[in-house]
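Labels below follow one simple rule: chain letters A, B, ... track the order of the sequence lines, proteins then strands, and each chain is numbered from 1.
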Amino acid sequence: MIDGRGWRTGAPVEKREIPMYYLKITAYAEDLLDALGHMSGWPERVRAMQANWIGKSVGVRLGFPYDIGPPGADGTRVLHAFTTRADTLMGVTFCAVAAEHPLAAYAARDNAKLAAFIEECKRGPAIESELATQEKKGVPTGLVVRHPISGAAVPVWVGNYVLMSYGDGAVMGVPAHDERDFEFAKKYHLPIKPVIDVAGREYSSSEWAPWYADHGRCVNSGVYDGLEFQAAVDAIAADLNRLGLGEKQTTWRLRDWGISRQRYWGCPIPVIHCGTCGTVPVPDEQLPVVLPVDLVPDGSGNPLLKDEAFLAVPCPRCGVKARRETDTMDTFVDSSWYFLRFACPDSDKAMVDSRVQYWLPADQYIGGIEHAILHLLYSRFWTRVMRELGLVAFKEPFTNMFTQGMVLNDVFFRKADTGRVEYFNPADVEVTLDATAQRRIAVLRSDGEEVESGGVVTMSKSKNNGVDPQALVDQFGADTARLFTMFAAPPEQTLEWSDEGVQGAYRFIKRLWKAVHDHVTLGAPGLLDKSALSDGQRNIRRQAHQTLAKITDDIGRRRTFNTAIAAAMELLNALAKIPQSSRQISPQDGSVMQEALEIAVLGLSPIIPHVTHALWLALGHRTALIDEPWMPVDAAALQSSSIAMVVQVNGKLRGHITVAAGADEGTVRSAALALPHAQKFIGTSAVRKVIIVPGKLVNIVV
RNA sequence: GCCCUCGUGGCGGAAUCGGUAGACGCAACGGACUUAAAAUCCGUUGAGCGAAAGCUCAUCCCGGUUCGAGUCCGGGCGAGGGCACCA
């Protein structure tokens, strides 16, 4: 939606109230939240996002009694509001209710200004970001409620920032200690009464300061004065309880999952509406409800509503003419359990069979970070329900979660007068700099006219800024495309797309190919005799096995394929530096080179499988590389007789020393102190301390 | 507005548990090969000073902790992503 209109057609968008089907995910809120604490295979940020989404708030539900106005659902005249800051109760100077609240509707009956405001709120934004940035507005209802403790009269307002869907659709206004209430009170000249003292700081009602919302000690609060946050909440909750005007309550941010969609594309909701029997589920033997395949959408409304053959159905219970439900399901319903179905796709008697127990939960699940909340939370909920139905034996569907970063690209568009927006693929747009090189000018190639730039955002079909890797595959092959994308950045990181560098990936593969073939043309190598290696041969082996260790760790534990590739490139660079003439003076040279190349080829095989398959056979193997086990690192090859260490003076790099591998601290210390360059910086100062990080560095503190 | 993530050369990025900042690659420049171009190979490439050795500065900004900070802490600025004003 852009400017109140649908981006695709430019049609104006309006809010309507319609009946919908919901799944009761809120009944699982506590368990979904608690389990997050044990899901060590999930990224911390995904767990944090889900926890915030579920949003458990522990607080107090307050009652403000009133005499004039309609009674609430429980028959009494009490305005209920939830707060996490019951300790500020004595600072209440007003109450605000949502536009949809019954008290608002009651007060609006003879108040045209209020009625108009309520209408305005209904037309207002429905999206959180727009709501959050809109100006806070309110209108007094003229109604008054009584403070539950002091009995003081508290005016009731309607506020556009109060949500009917959260808590009871009403808030207590404590402008002194809540930023939104503060802003509201300033605007409408409502009293501000500080009741919390934070470390003796000076409160000023002229301007908001963030610490006003901090916890502290109650003041100006009668019998509660001096109490700290928890003690105050406990005391106030206990008093409210005695008065029958409040109790402790836990409120959740999570709402039930609305699965209804008023469109053709989706699983039909298997329900039949009968004039006499009411809502009747479609009997098992009539399932599945199949969508008609001959519908032609006319661009307005749900086409199913216009298909009499689909709509008309006898009631399964009484047989009279009834009407089929036309709402279809949210596609998140399907994605909530497709992975369970994958384990038994041919099972035609049940959703899943016992095979699901063998294959699941999934050891490793990979998805975009954009699914961190909805899809992944719905799947966890769905799995719990299936467990209760005895269909699966586990609670969590995915043991380990990897969320890849999104790929961004430029967005280009034109906006028609009708509000319709047309997006152009960046491949069809030429970007140049203007004469002053200050501004980018984007021009559509096909007509030479300028297009607007919409920044760099996630690739998506709707923004038409995706890149089809097929073009890279066609030109350079699948391995180059894979190598290039995996080398660009670690996979969990956001990536701005650019074709620059694909040549480098292609070049590297050619160099690897050439290195193997140069080696192979020198003939079959002998068997490696580890006990008879020259220093040079030992160094090559050490580097090769260091590379193997790094690739193993990068691919296996760290999932940083870009650094694994870089390590393989470094190894190949080192091998290329060995002069051609000395490659195979002895059979040992050949066998050391053979081993190093095998490590490079095997290490890269998860990334460029096709090329490495061919190279592995070229290296003389009969078994396909994909059937080979991963190579173990030879710990002995990593051993070195000497170690290079860094020497610092006061934390600044001043030189290097080389010491024997097993050198003790005293030896290292005197070697570092003896370094002439270090001496220069020590000068005449006394050495206060020498810090030695074994195998790494010496820091001389003066 | 709130939540999450992230700010490092001309560019993508590396630095894994607080220990040599800039690995690896791209681009650029110089050279070799070539009649020429492409391909390939070799070299240079954060900034400043210096003949050189080397020195100083430098990881968005301002502070702090530490022998030592890109990394940890506090505050700020900026970018991207998500969103249902969550009391």
Side-chain angles (χ1 to χ4, degrees), chain A residues 44-46 48-49 51-53 55-57 59 81-85 88 96 98 125-134 136 159-163 165-168 170-174 177-181 183 213 251-255 368-370 372-374 405-406 408 455-458 483-484 487-490 492-505 507-508 510-511 514 550 553-554 557-558 560 562-570 573 576 644-656 677 680 688-693 696-702:
Chain A
E44 193 52 52
R45 66 166 157 161
V46 174
M49 283 163 90
N52 285 337
W53 187 261
K56 182 180 186 176
S57 296
F82 174 77
T83 182
T84 54
R85 292 299 304 270
T88 65
I127 295 166
E128 184 187 347
S129 56
E130 291 177 27
L131 282 164
T133 43
Q134 80 176 349
K136 283 170 191 44
N160 65 353
Y161 66 101
V162 183
L163 288 180
S165 56
Y166 186 77
D168 294 285
V171 298
M172 66 175 201
V174 185
H177 303 290
D178 181 283
E179 188 170 5
R180 278 167 315 186
D181 295 344
E183 204 184 308
T251 301
W252 303 84
R253 187 176 180 274
L254 184 69
R255 299 206 302 249
I369 185 69
E370 73 273 21
I373 294 173
L374 294 181
M406 286 171 287
L408 314 184
V456 181
V457 301
T458 318
L483 181 68
F484 166 63
F487 186 55
E492 76 274 13
Q493 200 168 300
T494 306
L495 177 74
E496 258 183 61
W497 181 262
S498 162
D499 279 343
E500 301 255 314
V502 64
Q503 286 287 352
R507 229 167 0 230
F508 172 70
K510 285 194 290 189
R511 292 211 304 134
K514 187 164 175 297
K550 175 151 180 63
D553 190 43
D554 284 353
R557 177 183 65 90
R558 297 179 68 209
T560 53
N562 58 328
T563 53
I565 294 165
M569 286 174 167
E570 277 184 85
N573 286 347
M645 291 179 78
V646 162
V647 178
Q648 297 178 338
V649 179
N650 285 340
K652 289 202 177 207
L653 176 69
R654 296 303 177 192
H656 300 84
H677 199 63
K680 209 168 101 191
R688 296 212 327 248
K689 209 199 279 189
V690 176
I691 290 156
I692 296 174
V693 181
K696 282 220 155 149
L697 68 76
V698 185
N699 188 15
I700 301 162
V701 185
V702 296

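Checking C4(B), G13(B), C26(B) against the side-chain heavy atoms of Glu500(A) singles out C26(B) as nearest. Counting only heavy atoms from C-beta on, Arg180(A) has its side chain closest to C85(B) among C4(B), A84(B), C85(B). Of the candidates G19(B), A14(B), A87(B), the closest approach to any side-chain atom of Asn562(A) belongs to A14(B). Residue Met569(A) has its side chain nearest to C24(B) when only C24(B), G19(B), C4(B) are considered. Taking only side-chain atoms of Arg557(A), from C-beta outward, the nucleotide of G19(B), U16(B), G12(B) with the closest atom is U16(B). With A15(B), A87(B), A14(B) as the choices, the nucleotide that has an atom nearest any side-chain atom of Thr83(A) turns out to be A87(B). Minimum atom distance to the side chain of Asn52(A) is reached by C4(B), of the listed G12(B), A87(B), C4(B). In this structure, the nucleotide among G19(B), G25(B), A84(B) sitting nearest to the side chain of Lys696(A) is G19(B). Nearest to the side-chain atoms of Leu163(A) among the listed nucleotides A84(B), U16(B), A27(B) stands A84(B).
If you take CZ on Arg688(A) and CG on Asn650(A), they are separated by 7.5 Å, rounding to the nearest 0.5 Å. Taking CE of Met645(A) as the reference point, atom NE2 of His656(A) lies at 11.5 Å (rounded to 0.5 Å).
Comparing the C1' positions of C57(B) and G81(B) gives a spacing of 35 Å, expressed to the nearest Å. U59(B) and U8(B) are spaced 11 Å apart, taking the P atom of each and rounding to whole Å. Taking the C1' atom of each, A14(B) and G22(B) are spaced 7 Å apart, rounded to whole Å. Rounded to a whole angstrom, the distance from the C1' atom of G30(B) to that of C67(B) is 44 Å. Rounded to whole Å, the separation between the C1' atoms of G80(B) and C41(B) comes to 41 Å. Spacing between U65(B) and G10(B) at atom P, rounded to whole Å, works out to 32 Å. Taking atom C1' on both C61(B) and A69(B), the two are 16 Å apart, rounded to the nearest angstrom. Comparing the C1' positions of A79(B) and C60(B) gives an interatomic distance of 11 Å, to the nearest angstrom.
Within the 4.0 Å cut-off from OP1 or OP2 of A15(B), at least one side-chain nitrogen or oxygen of Arg558(A) is found. Between U5(B) and Gln493(A), no contact under 4.0 Å exists linking OP1 or OP2 to a side-chain N or O.
The base of A87(B) is not paired with the side chain of Arg85(A) by any donor and acceptor separated by under 3.5 Å.
As the counterpart of G43(B), C29(B) is assigned, both hydrogen-bonding distances of the Watson-Crick or G-U wobble pattern falling under 3.5 Å. Both distances falling under 3.5 Å, in either a Watson-Crick or a G-U wobble arrangement, occur for no nucleotide opposite A69(B). With a 3.5 Å ceiling on both atom-pair distances, U34(B) lacks any Watson-Crick or G-U wobble partner. With a 3.5 Å ceiling on both atom-pair distances, G9(B) lacks any Watson-Crick or G-U wobble partner. When both distances must be under 3.5 Å, the Watson-Crick or G-U wobble mate of C2(B) is G82(B). Using N1 to N3 plus N6-O4 or O6-N4 for Watson-Crick, or N1-O2 and O6-N3 for G-U wobble, each under 3.5 Å, G48(B) pairs with C55(B).
Both Asp168(A) and Ala566(A) lie close to RNA chain B; mapped to their nearest nucleotides by heavy-atom distance, the more 5′-ward contact belongs to Ala566(A). For the pair Val646(A) and Thr560(A), both in contact range of RNA chain B, the more 5′-proximal nearest nucleotide belongs to Thr560(A).
At a threshold of 4.0 angstrom between heavy atoms, the contacts of Lys56(A) with the nucleic acid are absent.
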Pairs: protein N or O with nucleotides 64-74 of chain B N or O, under 3.5 Å:
from: C67(B); atom 1: O2; to: Asn699(A); atom 2: ND2; distance (Å): 2.4

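Panel note: side chain Thr560(A), backbone Asn562(A); no donor-acceptor pair is recorded below 3.5 Å.
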Subject >> Per-nucleotide protein contact string for nucleotides 37-56 of chain B, where B marks a base within reach and S marks sugar-phosphate only (heavy atoms under 4.0 Å, - for neither) >> reply: --SSS------------SSS
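Inspection of the Arg253(A) and Asn52(A) side chains reveals no N or O donor paired with an N or O acceptor under 3.5 Å.
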